[in-house]
Amino acid sequence: MKRLEDIETFSSIMRKYKETIKGYTDEWILDTKNVALIEDDNLALFEYIKDGVYRGHYFFSDRGRKAINLSKTALDYIFSSAKIIEGLTPIENKGAIWMSKHLGFTAYGDIDTIAGKCKHFIMTQEEWRKLNG
């Protein structure tokens, strides 16, 4: 995966999710604190929360082993500088919940959000390095 800074490519991919995901406008990618990684039409977003803390989002067209490998590559990249990655996964998205647990994230309960009830996941850089050498 490589860093994406191209607004047109970003917008093209995010248009597919416009009915379900809000907030990822062209302004999002122009904020250099946010990180977008791309491979083919698989997109991993890391939204800057505060120094060392990012909220991760995956928009992958690939599934299975390929999605796991893309996730690991993206996490390797972001954990080169991030200290904590958190995520909010809709509780009905069983595949994404499984993936988060499989990658080593810890679930810290459910949170009511404007998008509905979500599982709150967190992983630290230290935890990532212990799992991935």
Side-chain angles (χ1 to χ4, degrees):
M1 297 192 91
K2 64 180 181 175
R3 185 139 187 192
L4 173 68
E5 296 173 348
D6 174 46
I7 293 172
E8 288 181 32
T9 303
F10 176 79
S11 295
S12 172
I13 293 171
M14 293 311 295
R15 240 180 257 119
K16 299 174 196 173
Y17 304 98
K18 70 180 179 182
E19 298 304 317
T20 56
I21 306 293
K22 307 291 183 207
Y24 296 99
T25 62
D26 293 349
E27 290 77 29
W28 187 93
I29 198 165
L30 291 173
D31 184 340
T32 58
K33 290 180 180 178
N34 294 325
V35 176
L37 302 173
I38 189 167
E39 183 173 306
D40 300 321
D41 62 348
N42 297 290
L43 192 60
L45 305 181
F46 295 97
E47 181 177 6
Y48 176 85
I49 303 300
K50 65 181 185 177
D51 285 346
V53 181
Y54 290 82
R55 183 170 297 134
H57 309 275
Y58 300 119
F59 300 96
F60 292 165
S61 58
D62 287 315
R63 299 286 185 253
R65 175 60 49 202
K66 175 83 178 195
I68 291 168
N69 291 338
L70 287 167
S71 299
K72 288 181 176 183
T73 300
L75 289 167
D76 250 357
Y77 180 97
I78 197 66
F79 273 128
S80 67
S81 59
K83 303 294 182 213
I84 297 171
I85 303 297
E86 69 165 8
L88 296 169
T89 304
I91 59 168
E92 66 274 0
N93 192 339
K94 304 295 185 200
I97 290 171
W98 177 89
M99 172 98 92
S100 294
K101 290 177 180 177
H102 181 77
L103 291 168
F105 282 86
T106 301
Y108 286 92
D110 296 344
I111 295 176
D112 289 318
T113 72
I114 59 171
K117 192 172 289 261
C118 292
K119 289 246 178 254
H120 186 215
F121 287 99
I122 297 175
M123 185 187 311
T124 67
Q125 182 187 69
E126 183 179 327
E127 289 167 335
W128 175 252
R129 289 187 176 153
K130 281 182 185 175
L131 289 171
N132 298 282

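For the residue pair Arg3 and Tyr77, the shortest heavy atom distance occurs at CD-OH, 3.5 Å. Heavy-atom minimum distance, Ala67 versus Phe60: O-CE1, 3.6 Å. The two residues Pro90 and Ile97 have their closest heavy-atom pair at O-CD1, 3.8 Å. Scanning both residues, Trp28 and Val35, for their nearest heavy atoms gives CH2-O, 3.6 Å. The shortest heavy-atom contact between Gln125 and Phe79 is NE2-O, 2.7 Å. Annotation for Phe46 and Gly56: closest pair CD2-CA, 3.8 Å, computed over non-hydrogen atoms.
With a 4.5 Å cut-off on side-chain heavy atoms, Ile122 and Ile84 count as touching. Within the 4.5 Å cutoff, the side chain of Trp128 has heavy atoms near those of the Asp76 side chain. Contact annotation: the side chain of Lys72 never approaches that of Leu75 to less than 4.5 Å [non-hydrogen atoms, C-beta and beyond]. Put simply, the side chain of Ile38 reaches to within 4.5 Å of the side chain of Ile13, judged on heavy atoms. Under the 4.5 Å side-chain criterion, counting only non-hydrogen atoms from C-beta, Thr89 is not in contact with Cys118. Within the 4.5 Å cutoff, side-chain heavy atoms of Glu39 are placed close to those of Leu70.
Note on ring orientation: taking the six-membered ring where Trp is involved, the planes of His57 and Phe59 are parallel (angle under 30°, cut-offs 30° and 60°).
Each salt bridge (Lys or Arg N to Asp or Glu O under 4.0 Å) pair with one or both residues in residues 84-99, not counting sequence neighbours, appears once here: Arg55-Glu86.
Of the possible polar contacts, none joining the Ser12 side chain to the Glu8 backbone as a donor-acceptor pair under 3.5 Å is found. A donor-acceptor distance shorter than 3.5 angstrom exists from the side chain of Asn42 to the backbone of Asp62, with no hydrogens or angles considered. Without hydrogens or angle criteria, Asn34 side chain to Ile29 main chain gives no donor-acceptor distance under 3.5 Å.
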Name the atoms and distances for all side-chain donor-acceptor pairs under 3.5 Å in residues 98-112, with sequence neighbours left out.
from	atom 1	to	atom 2	distance (Å)
Ser100	OG	Ala96	O	3.1
Asp110	OD1	Lys119	NZ	3.0

| said: Apply side chain to side chain contact (heavy atoms under 4.5 Å, CB included) to residues Thr124 and Glu127 and explain how you reach the verdict. | reply: CA-CA 5 Å; Thr124 67; Glu127 289 167 335; 3.2 Å; yes

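Linking ILVMFWY side-chain heavy atoms closer than 4.5 Å, directly or via other members, places Tyr58 and Tyr48 in a single hydrophobic cluster.
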